[in-house]
Amino acid sequence: HVQLVESGGGSVTAGGSLRLSCTASGYTSSRNCMAWFRQIPGKEREGVAFMYTAVGSTNYADSVKGRFTVSLDSAKNTMYLQMNSLKPEDTAMYYCAGRSNLFSRVCPVEARQFQNWGQGTQVTVS
């Protein structure tokens, strides 16, 4: 049974930084895709950062490239999202997501392709 637990959201002024954490339990392999999605009311969930955990390869949405960085502490089973130069349009509920990816190093970017989700953490930029 996979569990994802997020922390680290909050409120910040434009230009500030926040770091989100996602601690995973229950995965039996390192060949997983882990991702951060965000969602505002009335909109579809948007993928912002993706990592194939076996090799640490990453992918980012254009809207956050150069500002957000995803990283992994394997010893702690924890993924981080460092968010710098935050903008008001980054305001959203942020979700950690994961899926087993045993046969490919390419992570999907659609939310429906991820089976495991955290509870979400709110990020507000004013």
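Atom set for the values below is all heavy atoms of this structure, side chains included, hydrogens, waters and symmetry mates excluded. Numbers here simply count residues along the sequence, with the first being 1.
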Q: Take atom CD in Q115; do more than 12 heavy atoms of anything else shown fall under 6.0 Å from it?
A: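 Counting other residues, nucleotides and ligands, CD of Q115 exceeds 12 neighbours.
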Q: Rounded to the nearest 0.5 Å, what separates atom CE in M79 from atom SG in C22?
A: 4.5 Å
Q: Using 0.5 Å steps for rounding, measure from the CG atom of N116 to the OH atom of Y95.
A: 15.5 Å
Q: Is the centre of the F37 ring less than 6.0 Å from the centre of the F50 ring?
A: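 Yes: the rings meet the under 6.0 Å criterion.
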Q: Tell me if a side-chain donor or acceptor on R99 pairs with a main-chain N or O of Q113 at a distance below 3.5 Å.
A: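 Yes.
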Q: Does R31 offer a backbone N or O that forms a donor-acceptor pair with the side chain of S29 under 3.5 Å?
A: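 Answer holds: yes.
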Q: Tell me whether the NZ or CZ atom of R105 lies within the 45° cone about the ring axis of Y52 and under 6.0 Å from its centre.
A: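 No - R105 does not lie over the ring of Y52 by the 6.0 Å and 45° rule.
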Q: Roughly how far, to the nearest 0.5 Å, is CG of N84 from CG of L18?
A: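 Taking CG in L18 and CG in N84, the distance rounds to 9.5 Å.
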Q: Mind checking the CG-OG1 spacing from L81 to T69? Nearest 0.5 Å is all I need.
A: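 That separation rounds to 8.0 Å.
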Q: Atom CG in L20, atom OH in Y80: separation rounded to 0.5 Å?
A: 11.5 Å
Q: Look only at the side chain of T53 and the backbone of S30, and say whether a donor-acceptor pair between them is shorter than 3.5 Å.
A: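 Side chain of T53 to backbone of S30: a pair is present.
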Q: Is the backbone of T91 close enough, under 3.5 Å, to the side chain of T124 for a donor and an acceptor to pair up by distance?
A: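 Side chain of T124 to backbone of T91, a donor-acceptor pair under 3.5 Å: no, none is there.
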Q: Could you go step by step and tell me if N59 and C107 meet the side-chain contact (heavy atoms from CB on, under 4.5 Å) rule?
A: CA-CA 9 Å; N59 188 30; C107 290; over 6 Å; no
Q: Just by distance, with hydrogens left out, do T23 and N77 show a side-chain donor and acceptor under 3.5 Å apart?
A: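 No - no donor-acceptor pair under 3.5 Å links their side chains.
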Q: Does E6 offer a backbone N or O that forms a donor-acceptor pair with the side chain of Q119 under 3.5 Å?
A: yes
Q: Starting from L86, can I reach V48 by hopping between I/L/V/M/F/W/Y residues whose side chains sit under 4.5 Å apart?
A: yes
Q: Under 4.5 Å between any side-chain heavy atoms of R45 and W117, yes or no?
A: yes
Q: Under 4.5 Å between side-chain heavy atoms, hopping through other hydrophobics if needed: is there a path connecting Y60 to L72?
A: yes
Q: Are the charged groups of K87 and D90 less than 4.0 angstrom apart, N to O?
A: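 Salt bridge absent between K87 and D90.
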Q: How far does CD of E44 sit from CD of Q39, to the nearest 0.5 angstrom?
A: 8.5 Å
